[in-house]
Amino acid sequence: MPWPSRKRSQAATEDKKKPETKQAKHESHEESAMESSKPAEKSSGKVVKKEASSGGQGSKQTYSHWLLKSEPESRFEKGADVKFSIEDLKAEPNQTACWDGIRNYQARNFMRDMKLGQEAFFYHSNCKDPGIVGITKIVKEFYPDHTQFDEKDPHYDSSSSKEKPKWSMVDVQFVRMTKRFIALSELKAHHQEHKESGGPLKNMLLFSRHRLSIQPLTKEEFEFILTLEEKPR
DNA sequence: GCCAACGTTGGC
DNA sequence: GCCAACGTTGGC
């Protein structure tokens with residue numbers, strides 16, 4: 001299936017290295033056709049621009065901040081460990097990694113909307129303590145995910161081709177750890193409260209698109225979460 | 001390990 | 001294009 005979560009090593013960043021490998025989840029589909037046609041896509045695309053939360057009523061608001069899920073604990077997928085914690089990111093050259101292995105159209109489309117310099121929360125998922133642990137920034141906009149062409153990679157996609165790559169990835173660089181761990185449970189409590197009060201987390205996708213490993217955040221959502229850093233829980 | 005949510009596949 | 005079956009994500 002499609003899904004993704006993770007990313008992995010290598011970074012192409014400035015130096016152009018080639019990518020390495022990594023993974024995330026995988027799966028496949030067909031390209032463009034799918035893109036346009038599948039449900040996920042459409043929703044995603046649109047969501048991105050419009051919705052938004054605050055503000056935007058009809059207009060299209062563009063997301064400028066993101067949340068990236070990654071699994072900090074070992075888990076094997078087709079023989080490969082998908083573990084990639086924020087500590088792993090910090091250990092990469094330039095503290096930068098390519099976010100490969102994303103095999104979900106909605107998540108892929110969000111990656112394609114990511115712009116240089118935008119920030120993303122690094123979220124630990126499928127682990128003992130799920131929540132936000134740090135902040136990263138986009139240091140390379142989308143380009144083909146090399147793992148789709150590698151038959152030995154868990155995320156190989158035989159339906160994709162170098163001429164028409166189906167899957168994309170971006171490079172992200174570690175910025176800093178959040179001042180404290182911001183647990184999913186804490187975000188959820190605010191989310192529920194905000195649903196009634198109309199607060200900034202009322203529409204946070206973390207609670208409605210459970211399976212989306214790459215999520216857009218509005219500026220208001222991002223900033224509200226940053227204020228949580230300052231308050232001891 | 002269980003299970004709810006939800007995306008994908010594939011028959012028709 | 002609908003929809004049931006299936007598979008995956010990911011919290012608990």
Side-chain angles (χ1 to χ4, degrees), chain A residues 1-8 22-48 51 66-86 88-89 99-113 120-134 145 147-148 153-160 166-169 181-195 201-217 221 225 228 233:
Chain A
M1 93 211 13
W3 261 100
S5 344
R6 133 218 19 335
K7 92 31 48 331
R8 244 192 166 333
K22 234 20 213 85
Q23 78 246 34
K25 304 309 341 343
H26 73 320
E27 219 73 19
S28 61
H29 302 348
E30 312 291 295
E31 245 277 4
S32 33
M34 293 207 118
E35 314 197 4
S36 22
S37 50
K38 64 192 14 312
E41 283 229 341
K42 31 173 91 161
S43 37
S44 53
K46 278 97 181 252
V47 170
V48 173
E51 154 136 32
W66 312 92
L67 180 146
L68 302 174
K69 295 183 184 176
S70 193
E71 302 184 36
E73 297 173 4
S74 285
R75 185 171 66 79
F76 291 84
E77 204 171 282
K78 296 183 183 172
D81 192 352
V82 299
K83 166 187 184 297
F84 194 77
S85 68
I86 195 154
D88 292 322
L89 174 62
W99 212 261
D100 64 5
I102 299 301
R103 297 294 182 270
N104 169 280
Y105 287 105
Q106 203 168 9
R108 180 201 68 182
N109 292 344
F110 282 135
M111 274 200 296
R112 291 181 175 184
D113 287 331
F121 284 125
F122 194 106
Y123 176 93
H124 279 171
S125 69
N126 199 19
C127 58
K128 201 137 338 187
D129 296 303
I132 291 170
V133 295
D145 176 346
T147 64
Q148 68 195 305
D153 191 278
H155 303 104
Y156 171 64
D157 184 352
S158 62
S159 69
S160 185
K166 183 179 295 184
W167 305 109
S168 302
M169 63 184 183
F181 171 67
I182 300 173
L184 169 63
S185 58
E186 182 177 353
L187 292 169
K188 183 181 290 179
H190 286 292
H191 168 63
Q192 310 217 270
E193 182 186 315
H194 289 184
K195 280 195 290 185
L201 300 193
K202 66 174 187 291
N203 293 324
M204 193 174 181
L205 295 184
L206 192 56
F207 305 102
S208 54
R209 318 303 322 249
H210 224 213
R211 304 177 49 188
L212 235 203
S213 64
I214 294 186
Q215 316 196 342
L217 294 182
E221 289 168 339
I225 293 168
L228 297 178
R233 210 225 197 258

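Please read all numbers here as calculations on a predicted model, not as lab measurements.
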Trainee: Donor-acceptor check, side chain of Asp145(A) to backbone of Gly101(A), threshold 3.5 angstrom: yes or no?
Mentor: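 Answer holds: yes.
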Trainee: Who are the ring pair (Phe, Tyr, Trp, His ring centres under 6.0 Å) partners of Phe181(A), not counting sequence neighbours?
Mentor: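 Phe181(A): no ring pair (Phe, Tyr, Trp, His ring centres under 6.0 Å) contacts found.
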Trainee: Sub-3.5 Å donor-acceptor pair from the side chain of Gln148(A) to the main-chain atoms of Ser160(A), do we have one?
Mentor: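 Not confirmed, Gln148(A) side chain does not pair with Ser160(A) backbone.
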Trainee: Going by the rule side-chain hydrogen bond (donor to acceptor under 3.5 Å, both in side chains), which residues pair with Ser208(A) if we only count those two or more places apart in sequence or in a different chain?
Mentor: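 Ser208(A) satisfies side-chain hydrogen bond (donor to acceptor under 3.5 Å, both in side chains) with no residue once adjacent residues are dropped.
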Trainee: Rounded to whole Å, please give me the gap between NZ in Lys128(A) and P in dG11(C).
Mentor: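 It is 13 Å, rounded to the nearest whole Å.
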Trainee: Taking N or O atoms only and anything under 3.5 Å, show me the protein contacts with nucleotides 4-6 of chain B, one pair per line.
Mentor:
from   : atom 1 : to        : atom 2 : distance (Å)
dC6(B) : OP1    : Ser208(A) : O      : 2.9
dC6(B) : O2     : Arg211(A) : NH1    : 2.1

Trainee: Go through dT9(C), dT8(B), dG11(C) for me and flag the one nearest to the Tyr105(A) side chain.
Mentor: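 Within the option list, the nearest is dT8(B).
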Trainee: Is there a side-chain polar atom (N or O) of Lys69(A) under 4.0 Å from OP1 or OP2 of dT9(C)?
Mentor: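 Checking dT9(C) against Lys69(A), no side-chain N or O comes under 4.0 Å of OP1 or OP2.
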Trainee: Where the side chain of Asn126(A) is concerned, which of dC12(C), dT9(C), dG10(C) is the nearest nucleotide?
Mentor: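 Nearest to the side chain of Asn126(A) among the choices is dG10(C).
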Trainee: Has the side chain of Asp81(A) got a donor or acceptor atom that lies under 3.5 Å from a matching backbone atom of Phe76(A)?
Mentor: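 No, Asp81(A) side chain to Phe76(A) backbone: no donor-acceptor pair under 3.5 Å.
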Trainee: Take atom CG of Leu187(A) and atom C1' of dG10(C), then tell me their distance rounded to the nearest Å.
Mentor: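 About 15 Å, once rounded to whole Å.
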Trainee: Taking side-chain hydrogen bond (donor to acceptor under 3.5 Å, both in side chains) as the definition, give me every residue that meets it alongside Glu73(A), ordered by chain and number, with sequence neighbours left out.
Mentor: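 None.
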Trainee: State which residues pass side-chain hydrogen bond (donor to acceptor under 3.5 Å, both in side chains) with Asp129(A); sequence neighbours excluded, sorted by chain then number.
Mentor: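 Once residues adjacent in sequence are excluded, Asp129(A) has no partner under the side-chain hydrogen bond (donor to acceptor under 3.5 Å, both in side chains) criterion.
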Trainee: Indicate, with a heavy-atom threshold strictly under 4.0 Å, whether Lys188(A) touches base, sugar-phosphate, or nothing.
Mentor: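 Here Lys188(A) touches the backbone only, sparing every base.
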Trainee: Under the side-chain contact (heavy atoms from CB on, under 4.5 Å) rule, collect the residues that match up with Ser85(A), sequence neighbours excluded.
Mentor: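 With neighbours one apart ignored, the set is Pro72(A), Lys83(A), Glu87(A), Asp88(A), His124(A).
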Trainee: Within the structure, does a side-chain N or O atom of Tyr123(A) lie under 4.0 Å from either OP1 or OP2 of dG11(C)?
Mentor: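 True: Tyr123(A) side-chain N/O within range (under 4.0 Å) of dG11(C) OP1/OP2.
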Trainee: Output all residues satisfying side-chain hydrogen bond (donor to acceptor under 3.5 Å, both in side chains) with Gln215(A), sequence neighbours left out; order by chain, then residue number.
Mentor: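 Result, side-chain hydrogen bond (donor to acceptor under 3.5 Å, both in side chains) vs Gln215(A): none returned.
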Trainee: Rounded to whole Å, please give me the gap between CD1 in Ile214(A) and P in dT9(C).
Mentor: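 Taking atom P of dT9(C) as the reference, CD1 of Ile214(A) is at 14 Å.
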Trainee: Given atom CG of Leu206(A) and atom C1' of dG10(C), what is their separation to the nearest angstrom?
Mentor: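 It is 10 Å, rounded to the nearest whole Å.
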Trainee: Could you tell me, to 10°, how much the axis swings from one end of the helix from dG1(B)-dC12(C) to dC12(B)-dG1(C) to the other, five pairs per end?
Mentor: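 Inter-axis angle at the termini of the helix from dG1(B)-dC12(C) to dC12(B)-dG1(C): 10°.
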Trainee: Atom CD1 of Ile102(A) and atom C1' of dT8(C): how far apart are they, to the nearest Å?
Mentor: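 Distance, rounded to whole Å: 14 Å.
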Trainee: Separation of Asn104(A) atom CG from dT9(B) atom P, in whole Å?
Mentor: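 Between P of dT9(B) and CG of Asn104(A): 11 Å.
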Trainee: Can you measure Gln192(A) atom CD to dG11(C) atom P for me and round it to whole angstrom units?
Mentor: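 My rounded result for the distance is 15 Å.
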Trainee: Mind calculating the distance between NE2 (His124(A)) and C1' (dT9(C)) to the nearest angstrom?
Mentor: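 Atom NE2 in His124(A) sits about 17 Å away from atom C1' in dT9(C).
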